[in-house]
Amino acid sequence: MRERSGVGVVCGLLVLLGALLTGCQSPAGGVAEDGRLGEQTTGRAGERAAVSPAPTRPSGYGAVFLAVGECSSFGTTSFTEVPCSGERAAARVAARHDGTVRDGPRCPSTTDFVLHISEQRPASDEDGDGVVPRGYACMRNLQPPHPGDPGGGGGPRTIVGDCVYGSGDGQVRETACDGTGRREPEYKVVRAVAERADCPGPTALYVRLGGKRPVGCARPL
């Protein structure tokens, strides 16, 4: 009886020890450094389950509709994205923003023109959800002329070096400084400042430029 009792005690201790050891083992996925349990990584009979790699977005032409550095065909109202090396390429995207021009960031100063992108649902788009959001692309011509350059007579922004003429309604409009535009230049913007008081003495006209230095100081030609 004593021998049977001793064997029972030993067996009980072994079972208890096994339970304690089992409780100390970490789950198959392991424990992360922050204490959270990791994901399950084993399959049947201890086999490691295959982990699918994260999907990658294609790069280059067509990955994102009119992304920075990509090119469009000719036209400002009807256009398509085309390879920059192709014969149909006319202008390159200098900046790309969602939303509207009025509410979004300003285009670079030497932008030649802006493409307004309405919301579209093409067969293939930038993230595969079937939607190209409304936005605008700031474009730079691949070849001259560049109306967005200083004195070029165009572009969405008036900058230092541009020339303007009075439109008769209390406003001014940009025209080419070399006289090749439809109207002769009357004033030239020579400096951009924060306030009118910062303009030089011979300033004859103040032109609204926007940005951090919103006042353009123009002198007569």
Side-chain angles (χ1 to χ4, degrees), residues 64-72 74-79 81 84 89-120 126 132-221:
V64 177
F65 184 67
L66 285 182
V68 174
E70 293 179 348
C71 294
S72 75
F74 293 92
T76 57
T77 57
S78 177
F79 58 90
E81 180 183 311
C84 291
R92 190 185 304 271
V93 180
R96 171 75 153 79
H97 305 290
D98 292 336
T100 63
V101 175
R102 176 177 297 180
D103 300 327
R106 292 159 60 85
C107 283
S109 59
T110 56
T111 298
D112 287 329
F113 63 95
V114 176
L115 287 180
H116 299 271
I117 303 169
S118 59
E119 185 173 331
Q120 303 172 47
E126 47 196 83
V132 174
R134 182 181 183 185
Y136 58 98
C138 310
M139 309 299 296
R140 176 79 173 172
N141 292 332
L142 295 179
Q143 301 293 334
H146 294 289
D149 284 350
R157 295 181 53 183
T158 301
I159 59 178
V160 174
D162 281 341
C163 293
V164 298
Y165 67 92
S167 60
D169 55 358
Q171 303 292 323
V172 295
R173 299 185 183 279
E174 191 175 335
T175 188
C177 288
D178 61 5
T180 58
R182 286 185 282 182
R183 294 289 301 270
E184 289 291 325
E186 298 176 355
Y187 305 90
K188 184 173 184 177
V189 180
V190 296
R191 186 177 300 180
V193 296
E195 300 179 358
R196 289 188 177 189
D198 298 329
C199 284
T203 298
L205 182 70
Y206 302 99
V207 180
R208 182 181 301 174
L209 304 181
K212 295 181 179 180
R213 294 186 293 175
V215 180
C217 313
R219 61 175 177 81
L221 295 175

Quiz item: Taking the side chain from N141 and the backbone from H146, do they hold a donor-acceptor pair closer than 3.5 Å?
Solution: no
Exercise. Please name all residues satisfying ring pair (Phe, Tyr, Trp, His ring centres under 6.0 Å) with H97, sequence neighbours left out, ordered by chain then number.
Key: Y136
Quiz prompt | Any donor-acceptor N/O pair, E81 side chain to L66 backbone, under 3.5 Å | solution = yes
Quiz item: Partners of D198 by side-chain hydrogen bond (donor to acceptor under 3.5 Å, both in side chains), sequence neighbours excluded?
Solution: none
Quiz item: Can you find a heavy atom in the side chain of V114 that is under 4.5 Å from one in the side chain of V101?
Solution: yes
Quiz item: Among all residues two or more places apart in sequence or in another chain, which pass the side chain to side chain contact (heavy atoms under 4.5 Å, CB included) test with P200?
Solution: R191, P202, T203, C217
Quiz item: Closest approach of V68 and A95, non-hydrogen atoms and distance?
Solution: CG2-CA, 4.0 Å
Quiz item: What's the spacing between T110 OG1 and I159 CD1 if we round to 0.5 Å?
Solution: 6.5 Å
Quiz item: Between G152 and D162, which heavy-atom pair has the shortest distance, and what is it?
Solution: N-OD1, 4.1 Å
Exercise. Could you check if a side-chain atom of C71 sits within less than 4.5 angstrom of a side-chain atom of V93, using non-hydrogen atoms only?
Key: no
Quiz item: Are any of the side-chain heavy atoms of T100 and R134 separated by less than 4.5 Å?
Solution: yes
Exercise. Applying side chain to side chain contact (heavy atoms under 4.5 Å, CB included), name anything that partners Q171, two or more places apart in sequence or on another chain.
Key: S167, D169
Quiz prompt | Closest heavy-atom pair and its distance - A176, G181 | solution = CB-N, 4.0 Å
Quiz item: Under 6.0 Å from the CZ atom of R106, do we count more than 12 heavy atoms belonging to anything else shown?
Solution: yes
Quiz item: For the residue pair Y187 and P220, what are the closest heavy atoms and their distance?
Solution: CD2-CA, 3.8 Å
Self-check item: Partner residues of L221 under the side chain to side chain contact (heavy atoms under 4.5 Å, CB included) criterion, sequence neighbours left out
Solution: C163, P185, K188, R219
Quiz item: Where is the tightest heavy-atom contact between G161 and C177, given as atom of each residue plus distance?
Solution: O-SG, 3.4 Å
Quiz item: Is any side-chain heavy atom of L205 less than 4.5 Å from a side-chain heavy atom of V172?
Solution: yes
Quiz item: Distance-only, no hydrogens or angles: does the R96 side chain make a donor-acceptor pair with backbone N or O of G69 under 3.5 Å?
Solution: no
Quiz item: With sequence neighbours left out, what residues match V215 under side chain to side chain contact (heavy atoms under 4.5 Å, CB included)?
Solution: V193, R196, C199, Y206
Exercise. Provide the closest heavy-atom pair for R157 versus C107 in the form atom of the first, atom of the second, distance.
Key: NH1-O, 2.8 Å
Practice problem: Indicate yes or no for a side-chain donor-acceptor contact from R173 to the backbone of Y165 under 3.5 Å, with no hydrogens or angles considered. | Solution: no
Quiz prompt | Residues which pass salt bridge (Lys or Arg N to Asp or Glu O under 4.0 Å) with R140, listed by chain and number, not counting sequence neighbours | solution = D112, D149
Quiz item: Do the side chains of P150 and V160 get nearer than 4.5 Å, heavy atoms only?
Solution: no
